[in-house]
Structures are given as C-alpha cells and as structure tokens.
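In what follows, every chain begins at residue 1, and chains take the letters A, B, ... in the order their sequences are listed.
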Protein chains: 2
Amino acid sequence: MEKQLQRSRAVLPIGTVMKLTTLSARQIRYYETQGLIKPARNAGNRRQFSLIDVDRLLEIKDYLDEGFNMTEIKRVYEKQAKRQEKEHKDLEKPVTDEDVRHALHNEFLSIAGLKHWHSSSFPSDDLSKK
Amino acid sequence: MEKQLQRSRAVLPIGTVMKLTTLSARQIRYYETQGLIKPARNAGNRRQFSLIDVDRLLEIKDYLDEGFNMTEIKRVYEKQAKRQEKEHKDLEKPVTDEDVRHALHNEFLSIAGLKHWHSSSFPSDDLSKK
DNA sequence: GCCTCATGTCATAAGATATAACATGAGGCG
DNA sequence: CGCCTCATGTTATATCTTATGACATGAGGC
C-alpha cells in the first residue's frame, strides 16, 4: 500500500531536520514562532517534521539569502495558501451539468463573435517552480 | 544539487524508524545484533538509519511473517551481498584493449567453426531488476 | 519437561530537545 | 552617534528519547 516516506508524514525530529537543512535548532524554532512552519508534536512535546516542512525550510533559507525578511516570506506563503485553498475548493465540487451548460453557452456566444466572457475564475497559475 | 532525502543518507533516529516500520525498538536492535542491519552511529552513539535500512526492515518483517527465522534471513542477505559484490567488481575495472582483443579472437575462432571459447570473464549479467 | 528463539519489560546512564532568558552583530534612522 | 529591531547565538533547567544489559515469557521442537 504505502511505499516510501510520504512527503506529508510528520516523523522527523529536529536533529534530523537540522542535518537536512543545515539550519540551527534556534533558527528552525524561530521560524516556527514566526508562523512559517507548523511542525506536529508527539506525545512528549517533541516537534515532528515532514518532508514538506523540510522543503519549506530550504525555501525559507533561499529567501533569506536573497534578502527577504520574516514578514515578507510569511506573506509569500499566506498568498500561496490562499491560492491553494481556492484551487482546493474548485476541485472539491466537481463540475455540474449546470456548469457545463453555462460553459457551452459562453462558448457559443464567443463563436458568434460576441466574445462575451467576463474575466472569470482562472488564476494565472504561477509555474515558476524554483 | 542534492534534492530529496537520498536513500542512503543515514539521518533517521530509531523512533522515526519505529513509526515507519511499526517495529519495536527491541526488535530493531535485535535484528542489528543478528547482523541483518548495520545502522550508522552519531557522535552520541545514537543509531542513525537510512531509508535503505528502513526498506530492509520492512523486508525482514515480511520474511518473518512468512515463517523465516533470523538465520535464514541472514543467509538471504549474505547471498545478495555476494552477488552485488561481484557485480560491483565487474563494473570496477572497465574493459581493456586486451579484453577486446581476446573477445575478437574468440569471435573469429567461433566464426571459423571452431567454437572454442572457454567460459571466460563475462558474467551473464542478471537483469532481473525486480 | 527442557531448550531455543524472538520479543517484552525494567533499570540506569547519557544524549537530544523544549522553553525561557539574556547576549550580540548588522542595519536603519532621527 | 545613540537607540531600536531583527535574526541568531548561548546558557540553564526540565523532560523526553535512546543505549545497554539483565531478567521474563510464550511458542515450538524434541
């Protein structure tokens, strides 16, 4: 069933993350207080990171190297979160017949040369992946 | 450069491995005493596992479920190690001009109908890569 | 019943991590 | 130049996690 370490599985202690990111424990904890990451906690209150957390930390490192400060980086991720939230909702409710009819309707109008489609719900989807 | 957690990177503490394998610390340590795994150690003598170790532990679990005992499982891995060792050596020293000349020589003889090639150095290269 | 194997459980020591407080160097700025 | 803020380092104390070794135990084999 589950093969490898899924990226979202929170099982890594801070020591491991330190090695994987070359960040100090102080830095990692500070970024958490700034809301940049939210590692899970185990029964003993130890932080448990996922590979997604590790990736984000590496990104944060890059941003910092490029001169961003905590607040700016936080904004980047808040925006990202909003985008994904929308994206998620769009996937949540699958296309209904109603949607299809409206789409077709607009399609016809467009073909008819009336090109009436009011700038609707398609975000320009930032493809800059790194 | 290095993107994700390379499978051979030993950075996982035993607690993480317990979760990933659902094995008890006792079991993991016991398998180590039996020579089935050889996790690295950090400066503080803590075991450091790699994803390869995790995979092997999952395999061991399967073998045990199928009724194998430690000794038998050990034999499986020893044999596997020998195979890989040979494979490795074959890759180590690349083909020399000398080798090529001999190969050609045998080729000619073979064509000449004498088919005299004494089973020399070319392993049949097991391609069963699972 | 006696043995072995794989594992559980306990005790003790030492490494790892959490939190909080104080310290500091680099910039920004009146 | 003093004063502030930001990102991090450092230290101290408490608690969790892991290592080792010893003893315990249930399932099989004989």
Pairwise distance CG(B/Leu36) to CG(B/Asp53) - rounded to 0.5 angstrom: 11.5 Å
A/Arg46 side chain to A/Gly44 backbone, donor-acceptor under 3.5 Å: yes
Pair assignment for C/dG25, Watson-Crick or G-U wobble, requiring both distances under 3.5 Å: D/dC6
Separation of atom CZ in A/Arg47 from atom C1' in D/dT15, rounded to whole Å: 14 Å
Atom pair distance, as rounded to whole Å: CD in A/Glu32 and P in D/dA7: 16 Å
d(CG, A/Leu12; P, D/dT17) in whole Å: 15 Å
Student check: side-chain heavy atoms of B/Tyr31 and B/Leu23 closer than 4.5 Å: yes
Test item: A/Leu51 and B/Leu5 side chains (from C-beta on) under 4.5 Å apart, heavy atoms: yes
Integer-rounded Å distance: D/dT18 P and B/Phe49 CZ: 10 Å
Distance (rounded to the nearest 0.5 Å) between B/Leu64 CG and B/Lys61 NZ: 10.0 Å
Rounded distance (Å) that lies between atom C1' of D/dC16 and atom CE of B/Met18: 13 Å
For nucleotides 21-30 of chain C, print each protein N/O atom paired with a nucleotide N/O atom at under 3.5 Å, atom names and distance only.
none

Whole-Å distance separating the CZ atom of A/Arg41 from the C1' atom of D/dT17: 16 Å
Residue pair A/Arg83 / A/Gln80, side-chain heavy-atom distance below 4.5 Å: yes
Distance (rounded to the nearest 0.5 Å) between A/Leu57 CG and A/Met18 CE: 12.0 Å
Whole angstrom value for the distance that separates P of D/dC6 from CD1 of A/Ile60: 17 Å
Polar contact flag, side-chain donor to acceptor under 3.5 angstrom, B/Tyr77-B/Glu59: yes
A/Arg29 side chain near C/dA18 phosphate (N/O to OP1/OP2, under 4.0 Å): yes
Straight-line distance of B/Gln48 CD to B/Thr16 OG1, nearest 0.5 Å: 9.5 Å
Backbone of A/Ala81 reached by a side-chain donor or acceptor of A/Gln84 within 3.5 Å: no
Within residues 66-81 of chain A: residues closer than 4.0 Å to DNA chain D (heavy atoms): A/Asn69, A/Met70
From B/Ile28 atom CD1 to B/Arg47 atom CZ, the distance as rounded to the nearest 0.5 Å: 9.0 Å
Distance test, side-chain N/O of B/Tyr31 to OP1/OP2 of C/dA6, below 4.0 Å: no
Base partner of D/dC30, which must satisfy Watson-Crick or wobble distances under 3.5 Å: C/dG1
Expected rows: protein N/O vs nucleotides 14-16 of chain C N/O, under 3.5 Å:
residue	atom	partner	partner atom	Å
C/dA14	N3	B/Arg46	NH2	3.4
C/dG15	O4'	B/Arg46	NH1	3.0
C/dA16	OP1	B/Asn42	ND2	3.0

Separation of A/Ile14 CD1 from A/Glu32 CD (nearest 0.5 Å): 8.0 Å
B/Tyr30 OH - D/dT18 P separation (whole Å): 22 Å
